[in-house]
Amino acid sequence: MTDFAATKAMFDIPQDVIYLDGNSLGPLPRAAPGRLAGMLADEWGKMLITGWNKAGWMAMPMALGDRVGRLIGAEPGHVVLGDTLSIKVYQALAAALELNPDRRVVLSDSGNFPSDLYMAQGLLRSLGKGHELRVVAPDDVEAAITDEVAVLMLTEVDYGTGRLHDMATLTRRAHDAGVVTVWDLAHTAGAVPVDLSGAGADFAVGCTYKYLNGGPGAPAFIYVAPRHADRAVPALSGWLGHEAPFDFEQSYRPGRGIERMRVGTPPIIQLTALETALDIWDMADMQDVRAMSVALCELFISEIEASCPMLTLASPRDAAQRGSQVSFRFEQGYAAMQALIARGVIGDFRAPDIMRFGFTPLYIDASDVRAAVAVIRDVMQNQLWNRPDYMARAAVT
Ligand SMILES: *Cc1c(COP(=O)(O)O)cnc(C)c1O
């Protein structure tokens, strides 16, 4: 059994804060400042460029990739870290399209994160082969998987509502129709158990600064199924994805397996921060995390619905169809969220009217949920959000 009291003690969260936004940016592992200070002084400071070999920097994207891979059911040696998630979406989609060259449709859904759709639009435009990005409602995805579709590109957990797709079923349907799959696990990794290998997923991507707690700017990850790893063509053919980067050849030759999805120099400071978060993840079992997440979400929904009738549940009511977040709709949701943040309950707001709360068992427990509900009840029942300064929007919501 995962010892959640022990994992909670490993995060540095301000005492007057209840942090329900780990779905956007995980909190600071207590070990991170010391580990980073050591890395800066002893590795960068003393080893200088020899750190790439001596401190093992160059191996970090693969080594930490495997530790992320354990949490998402990837085969060892098939996940690599680097770049941002938007970049990884582009790489995965480009490689997936090359595996299905005779088809012209990329199928996604309206619950996908805009950046994934934008990256697809940009890629399809520069391919110039007349590809179409077809975006359907989440419930209509299964019926839209036809033999016109080259790639099914979905985010498993909807960032707005928390709605969870059935990866195994949709992947099977896709394969039956000759469709290659790209799964975005941004709101899955560290939130919901996933079995990429068992589901037969072709490509998967995700970020490490949300539930995985790697810190702002932490690198993204990409998974390519072993059966595709040595034939997936990298669209971003950077030198570190070359088979022999230090031969400095004039022409690109893809590296072995997932190594070819590397692009350029890895962010070692960010990877060092992520390593401290993965040390905590090593103490956790994803089934325990899921069970606790469901219990916390159920508690939150029932307590809010019992006392805040002005809030409308935007997330699926059935826990089996929900990720690790709960969203409520409220017309003045932005102002209400500012009022909550001012009182130490940190969630976030997603346009047009969604108040979003993430539940992260590594550091949130039932007493935190009850304390947060008490603050939300006070703000909502007494309309404490009704102040001009809470209504003025900041750049990042
Ligand atoms: C958070 C998120 C992103 C963000 O991409 P970055 O390149 O890391 O900024 C992209 N896609 C999805 C589905 C996300 O949830």
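Atoms within each ligand, like the ligands themselves, are counted from 1 in listed order. All residue numbers in this chain count up from 1 along the given sequence.
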| query | Nearest to atom 11 (N) of ligand 1, what protein heavy atom do you find, and at what distance? | reply | Asp116 OD1, 2.6 Å

| Under a 4.5 Å cut-off applied to non-hydrogen side-chain atoms, are Val68 and Leu212 in contact? | yes

| query | Would you say Lys210 has any N or O atom under 3.5 Å from an N or O of ligand 1, going by distance alone? | reply | yes

| note | For Asp202 and Arg227 the tightest heavy-atom approach is OD1-NH2, 2.8 Å

| query | Can you find a side-chain donor-acceptor pair between Asp247 and His242 that sits under 3.5 Å? | reply | no

| message | Below the 3.5 angstrom mark, is there an N/O of Tyr159, backbone or side chain, next to an N/O of ligand 1? | response | no

| query | If we ignore angles and hydrogens, is there a donor and acceptor under 3.5 Å between the side chains of Thr7 and Trp281? | reply | no

| note | Looking only at heavy atoms, the pair that brings Tyr19 and Gly22 closest together is CE2-N, 3.6 Å

| query | What atoms of ligand 1 come closer than 4.0 angstrom to any heavy atom of His187? | reply | 15 (O)

| query | Could an N or O of ligand 1 be found under 3.5 Å from any N or O of Thr155, whether backbone or side chain? | reply | no

| Side chain, backbone, both or neither: the part of Asp184 lying under 4.0 Å from ligand 1 by heavy atom | side chain

| task | Return a yes/no value for Tyr209: is any of its N or O atoms, backbone included, closer than 3.5 angstrom to an N or O of ligand 1? | result | yes

| query | Looking at Ala186, which atoms of ligand 1 are within less than 4.0 Å of one of its heavy atoms? | reply | 12 (C), 13 (C), 14 (C), 15 (O)

| task | Could you tell me which atoms of ligand 1, counted from 1 in the order shown, lie closer than 4.0 angstrom to a heavy atom of Ser86? | result | 5 (O), 6 (P), 7 (O)

| task | Mind listing the closest non-hydrogen atom pair of Pro219 and Gln270 along with its distance? | result | CD-CB, 3.9 Å

| query | Does Leu28 belong to the same Ile/Leu/Val/Met/Phe/Trp/Tyr cluster as Ile346, with side-chain heavy atoms less than 4.5 Å apart forming each link? | reply | no

